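This report refers to the structure that appears directly beneath it.
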Amino acid sequence: MAMQPWFPDAKLGIFIHWGIYAVDGVQESWSFFEGDVPHDQYMAQLDRFTAAKYDPREWAELFARAGARYAVLTSRHHDGVALWDTAQGDLNVVRHTPAGRDLLGPYADALRDQGLKVGFYYAHNDWNHPDYASTRYEGRPPEQEDNPYAEVPKEREDLEAWARYLDYRDAQVRELCTRYRPDVLWFDGEWERTEEQWRIGELAELIRSEVPDCVLNARVLSEGDYATPEQGVPIVPPEGPWELCLTINDSWGYRHHDHNHKSTGQLIRYFTETIGAGGNLLLDVGPKEDGTIPAEQVERLEGLGAWIARHADAVYGTVRGLPAGHHYGPSTLSTDRRTLYLTVFDIPRGSIGVRGLRTPVHRVSVLGTGTELGHKVIGGLHEAPGVLWIDAPAAANLDDYATVLAVELDGELDLYRGGGRF
C-alpha cells in the first residue's frame, strides 16, 4: 500500500500505555512474564481498575494543544486484557473491572472531534490466553530463554491450539477494524514467532479488507508501512517513513516511583532531531488507573506544543532536512524545497555556518519574530561552494529552547556532496 500522505506530515503522535498495570504501577505485562510480580497479584489489579476520571475529550484536547496529529492507545497489551468488550474470550475491562465500559469508542470519537487520526496498539501475543503457549519459534536467538507464558517444548506443540489462537487474534483485530475504523494499527510482540507462524499476509489482508487506508507499523513484518525504532533517534535514520517511540520518563505505563522525566527542552531536541531526519515522534504518556495523565507529563506536552505552535512552518509541510555535516543541528525543508529551516539549540557565539549549499540564498530570518539576519558566502573553489555564514540572532530573537532560522532560497535546494579538489 502507498503510504497515506497524512502520516509523514503528522510529525507528532501520542502513545498511550494504559491498562490494569497502572493500579499498582508495575511494568505492563512484563512484570509477571519475567517473575517480578506473581501472576495472581498482577491479575488482581483487575478489581481496582476504575477509569473513574477518564475523560477522553480532555485527552484529545491536550494532544491537539501538544501539536499531535494522531494518537495510539494500547487496546490490548501482552497481558491479554482488552480495553473494549471483545466477543473473543472473557478477559476485558468491561466485564472484569470496576471501569465496566468500553474505553476505546469514546477515545476514537474524541480524537476525531479534534481532527486527530485514531490509532490502536495491539499485541500479536497474549501471555494469558490458554492457546497461546502451544508452539515455539525455533529460530529465536539463544539468549532468549524459553518462558512458559510464551512457548512450549517441541514435543508438546499443539498446532490445533495455535490455529485457535490465531483465529482469536484475527477476530479481535477485525473487531477493532469494524467498530472503530482505525487510521493506524500499531502491532507489537512479533519477535515471539516467525512471519509464517503469525500468518502475517492473511492478517494484513483482513485489515485492509475492512479499513483499506489503515497504516501499519513494521511489527507486521513484511506488510508494515513504516519503521518503528524505540527510545533513541537513529544515528543513520531509515530511508522511508519512520517513527521514534519515546517515553517521557523511563516507563511506558504509569509507575509511581518513576520521576525521571525528560525536560521540555530535551523533548524538543528529540522532536527536532527526529523530524529533521524524516521521522515522526510518537511520545508516550502513562495515565493513572483512573484515567488521568500525570501532571509532569501534561506539563511537558503543553511545553512541546507551545514550541511547535511558534515554529509550525518548520514542522508541518516539511520533509527531512540537511544530511549530517552541513549544519550543526537538525533542519527541515519545505515540501517545495525552497525554504530550509535550521534549528539552533544554544546561544550562538558567532556566525552560523551552512556548508555545501549550491542554491543562492534570498533571505534569512528568525522564525516566529520575522527578524531578518545578514548573510554572505565565503570561499569555495570550482565545484565546491563556499560556506554560507549567517549573522547570529540578537538575544531578543532567541527562543528559550530552540531557535529556528528560515533560509529562503532562490530555487530548489541543491547540495554539494563531493570531496573537493584533490
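Here the structure is a predicted model, which means the values were calculated and not measured.
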So do the side chains of Pro56 and Leu103 get within less than 4.5 Å of each other, counting heavy atoms only? no
Would you call the rings of Tyr165 and Tyr168 parallel, tilted or perpendicular, where under 30° means parallel and over 60° means perpendicular? tilted
More than 12 heavy atoms from other groups under 6.0 Å of CD on Glu34: yes
Arg136 (side chain) donor-acceptor with Val152 (main chain) under 3.5 angstrom: yes
From Asp250 CG over to Asn260 CG, what is the distance, rounded to the nearest 0.5 angstrom? 4.5 Å
Is the Trp18 ring parallel, tilted or perpendicular to the Phe49 ring (thresholds 30°, 60°)? tilted
Distance-only, no hydrogens or angles: does the Trp307 side chain make a donor-acceptor pair with backbone N or O of Asp399 under 3.5 Å? no
For residues 257-277, which residue pairs pass the salt bridge (Lys or Arg N to Asp or Glu O under 4.0 Å) check, not counting sequence neighbours? Arg269-Asp346
Give the intermediate values and the outcome of side-chain contact (heavy atoms from CB on, under 4.5 Å) for residues Tyr107 and Leu83. CA-CA 11 Å; Tyr107 154 86; Leu83 297 192; over 6 Å; no
Heavy-atom distance under 4.5 Å between the side chains of Val319 and Thr335, does that happen here? yes
Is the shortest side-chain heavy-atom distance between Ile248 and Val285 below 4.5 Å? yes
Distance col, row Arg338:CZ vs Leu413:CG, nearest 0.5 angstrom, shows 11.5 Å
Kindly indicate, with the supporting measurements, whether the criterion ring-ring contact (aromatic ring centres under 6.0 Å, His included) is fulfilled by Trp191 and Tyr137. CA-CA 9 Å; Trp191 66 86; Tyr137 174 10; over 10 Å; no
If you round to the nearest 0.5 Å, how far is CZ of Arg255 from NE2 of His17? 12.5 Å
Before giving the answer on side-chain contact (heavy atoms from CB on, under 4.5 Å), spell out for Tyr42 and Asp79 the whole-Å C-alpha distance, their side-chain angles and the decisive distance to 0.1 Å. CA-CA 9 Å; Tyr42 182 95; Asp79 61 11; 2.7 Å; yes
Report the distance from atom OG of Ser29 to atom CG of Asp126, rounding to the nearest 0.5 Å. 9.0 Å
Taking side chain to side chain contact (heavy atoms under 4.5 Å, CB included) as the criterion, tell me which of Ile293, Thr74, Val72, Leu73 meets it with Ile16. Leu73
Measure the spacing between CG of Leu12 and CD1 of Ile275 and express it to the nearest 0.5 Å. 9.5 Å
Can a donor-acceptor pair be found, under 3.5 Å and without considering hydrogens, that links the side chain of Arg101 to the backbone of Ala99? yes
Partners of Arg48 by salt bridge (charged side-chain N to carboxylate O under 4.0 Å, His left out), sequence neighbours excluded? Asp24
For the rings on Phe33 and Trp127, is their centre-to-centre separation under 6.0 Å? yes
Examine distances only and state if a side-chain atom of Thr135 and a backbone atom of Leu159 form a donor-acceptor pair shorter than 3.5 Å. no
Side-chain (Trp198) to main-chain (Glu190) donor-acceptor, under 3.5 angstrom: yes
Backbone N/O of Ala171 and side chain of Gln88: donor-acceptor pair under 3.5 Å: no
Mark yes or no for whether His326, through its side chain, and Gly321, through its backbone, hold a donor-acceptor pair below 3.5 Å. no
Thr247/Gln231 under side chain to side chain donor-acceptor pair (under 3.5 Å): CA gap, chis, key distance, verdict: CA-CA 7 Å; Thr247 53; Gln231 296 287 55; 3.0 Å; yes
For Tyr149 together with His78, are the ring centres under 6.0 Å from each other? no
Less than 4.5 Å apart, side chain to side chain, heavy atoms only: is that true for Ile352 and Pro393? yes
List the steps and the verdict of side-chain contact (heavy atoms from CB on, under 4.5 Å) for Val173 and Phe187. CA-CA 10 Å; Val173 171; Phe187 285 91; 4.1 Å; yes
Are any non-hydrogen side-chain atoms of Leu357 and Leu409 less than 4.5 angstrom apart? yes
Residues 312-324 vs salt bridge (Lys or Arg N to Asp or Glu O under 4.0 Å), sequence neighbours excluded, gives none
Check the pair Val93 / Val81 against side-chain contact (heavy atoms from CB on, under 4.5 Å), numbers first and verdict last. CA-CA 7 Å; Val93 299; Val81 181; 3.9 Å; yes
Treating Ser75 as the side-chain partner and Tyr121 as the backbone partner, does any N or O pair qualify as donor plus acceptor under 3.5 Å? yes
Could you walk me through whether Thr339 and Glu408 pass the side chain to side chain donor-acceptor pair (under 3.5 Å) test, one step at a time? CA-CA 5 Å; Thr339 304; Glu408 300 172 36; 5.9 Å; no
Do Arg69's NZ or CZ and the ring of Tyr316 fall within the cation-pi criteria of under 6.0 Å and 45°? yes
Answer yes or no on whether Arg76 is positioned over the face of Tyr122, meaning its NZ or CZ is under 6.0 Å from the six-membered ring centre and within 45° of the axis. yes
Please check this pair: side chain of Asn280 against backbone of Phe7, looking for a donor-acceptor N/O pair closer than 3.5 Å. yes
Nearest 0.5 angstrom please: Ile20 CD1 to Asp47 CG, how far? 9.0 Å
Does the side chain of Gln27 come under 3.5 Å of the side chain of Ser251 through a donor N or O and an acceptor N or O? no
Parallel, tilted or perpendicular: which one describes the rings of His256 and Tyr254, with boundaries at 30° and 60°? perpendicular
Qualifying salt bridge (Lys or Arg N to Asp or Glu O under 4.0 Å) pairs with a residue from residues 278-305, counting only residues at least two apart or across chains: Arg65-Glu302
For Glu160, does the CD atom have more than 12 heavy-atom neighbours from other residues, nucleotides or ligands under 6.0 Å away? no
Short side-chain to backbone donor-acceptor contact, Gln297 and Gly286, under 3.5 Å: yes
Under the salt bridge (Lys or Arg N to Asp or Glu O under 4.0 Å) definition, can you give me all pairs with a residue in residues 161-177, not counting sequence neighbours? Asp131-Arg164, Asp167-Arg199, Asp170-Arg199, Arg174-Glu210, Glu175-Arg179
Quick test of your reading of the model: are Arg208 and Asp225 salt-bridged, counting only N-O distances below 4.0 Å? yes
Residues at least two apart in sequence or cross-chain that pass salt bridge (charged side-chain N to carboxylate O under 4.0 Å, His left out) with Asp85, listed by chain then number, are Arg95
